[in-house]
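In this text, all values refer to a predicted model and were calculated from it rather than measured experimentally. Order of the sequence lines fixes the chain letters, A, B, ..., with proteins taken first and strands second; residue numbering starts at 1 for each chain.
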2 protein chains.
Amino acid sequence: MSDLAAALDIVGARWALLIVERLLDGPQRYGDLQRDLGVPTNMLAIRLRELEAAGVLIRLPLRHNTRAYALTDRGFALREAIVALGNWGRRDS
Amino acid sequence: MSDLAAALDIVGARWALLIVERLLDGPQRYGDLQRDLGVPTNMLAIRLRELEAAGVLIRLPLRHNTRAYALTDRGFALREAIVALGNWGRRDS
DNA sequence: ACCGGTCACTTGTATTTTGCAAGTATGGAC
DNA sequence: GTCCATACTTGCAAAATACAAGTGACCGGT
């Protein structure tokens, strides 16, 4: 399995990279991610679990039934790839 | 829609980036891609059509019923993103 | 002209993933 | 206690993907 295939195994699923991109700006709560991205709530729950299991993000308990999701170092290491893909998507360079 | 979402709309589908990565080494034929990547043949046909429609690659007729798939400039512009994702997937840096 | 092989697909169907709508659980404020 | 917000879960339909088999065009040899 190539390096690229290994990466896509973790962040290749739908919404995964968009979630990580959103977290590059700092920790976000579940409802924020859902509203900002328009991702279906069940998919968001599944992706957050997968990304946490992969060491990309962690859950930070805030108050009672509120928590925030924050990138780990490994998660922030995706910034280069996300920026590169974003630049390509802007199709002007 | 963000730049990243626009990019993923084109190369976010399964196998798409792996196909492009393979073509970074130069034009390849259908059967080569299929054997090298292990992608199901119907998915390969669909992806190649989509990537051609998106201007990422073109078909080069070779002989009779043989043709090659080659990246366009826009396709080669994905190299940075692919390299960045590959580096991340290697999980050592 | 016929046969066999290669190449680039298509077609049919099962399985997995995703999307949508609604419901559940927990805790705090009042 | 009731109400509300937050973070999910659950059930089911729709879409994407995987697997297996088949199709059509062309060529080279006989």
| field | side-chain hydrogen bond (donor to acceptor under 3.5 Å, both in side chains) pairs, two or more places apart, involving residues 33-44 of chain B | value | Arg22(B)-Asp36(B), Tyr30(B)-Thr41(B)
| message | For residues 9-19 of chain A, which residue pairs pass the side-chain hydrogen bond (donor to acceptor under 3.5 Å, both in side chains) check, not counting sequence neighbours? | response |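 For residues 9-19 of chain A, and leaving out neighbouring residues, there are no side-chain hydrogen bond (donor to acceptor under 3.5 Å, both in side chains) pairs at all.
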What's the [atom1]-[atom2] distance between [X] and [N], to the nearest Å?
X: Gln34(B); N: dT6(C); atom1: CD; atom2: P; value: 14 Å
X: Leu48(A); N: dA7(D); atom1: CG; atom2: C1'; value: 10 Å
X: Tyr69(A); N: dT6(D); atom1: OH; atom2: P; value: 14 Å
X: Arg63(A); N: dA5(D); atom1: CZ; atom2: C1'; value: 12 Å
X: Leu37(A); N: dG19(C); atom1: CG; atom2: P; value: 12 Å
X: Leu44(A); N: dT18(C); atom1: CG; atom2: P; value: 13 Å
X: Leu62(B); N: dT6(C); atom1: CG; atom2: C1'; value: 14 Å

| request: Check each residue of residues 16-30 of chain A for a non-hydrogen atom within less than 4.0 Å of any atom in DNA chain C, then write out the ones that pass by number, or none. | output: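 Nucleic-acid contacts, sorted: none.
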| request: Taking salt bridge (charged side-chain N to carboxylate O under 4.0 Å, His left out) as the test, write out the residues that go with Asp73(B), two or more places apart. | output: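 With neighbours one apart ignored, the set is empty.
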| said: Using a 4.0 Å cut-off on heavy atoms, which residues in residues 51-59 of chain A reach DNA chain D? List them by number, or say none. | reply: Arg59(A)
| note | Residues Leu33(B) and Val39(B): closest non-hydrogen pair is O-CG1, 4.1 Å
| task | Taking side-chain contact (heavy atoms from CB on, under 4.5 Å) as the test, write out the residues that go with Ala54(A), two or more places apart. | result |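 For Ala54(A) the side-chain contact (heavy atoms from CB on, under 4.5 Å) partners, ignoring immediate neighbours, are Ile10(A), Val56(A).
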Sequence neighbours excluded, which residues qualify as side chain to side chain donor-acceptor pair (under 3.5 Å) partners of [X]?
X: Arg67(B); answer: none
X: Thr66(B); answer: none
X: Glu80(B); answer: none
X: Glu52(A); answer: Arg59(A)

| query | Which other residues end up in the same hydrophobic cluster as Val83(B), if Ile, Leu, Val, Met, Phe, Trp and Tyr are linked when side-chain heavy atoms come under 4.5 Å apart? | reply |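 Once heavy-atom contacts under 4.5 Å are chained together, Val83(B) still belongs with nothing else.
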| said: Side-chain N or O of Arg67(A) versus OP1/OP2 of dA5(D): is the shortest distance under 4.0 Å? | reply: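 For Arg67(A), the contact criterion (side-chain N or O under 4.0 Å from OP1 or OP2 of dA5(D)) is not met.
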| said: Taking 4.0 Å as the cut-off, does a side-chain nitrogen or oxygen of Arg35(A) come that near to OP1 or OP2 on dA7(D)? | reply: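 Looking at the OP1 and OP2 atoms of dA7(D), neither is under 4.0 Å from any side-chain N or O of Arg35(A).
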| From Ile82(B) CD1 over to Leu24(B) CG, what is the distance, rounded to the nearest 0.5 angstrom? | 5.0 Å
| Under 4.0 Å protein heavy-atom contact, by nucleotide of nucleotides 17-30 of chain D - B base, S sugar-phosphate only | SBB-B---BSS---
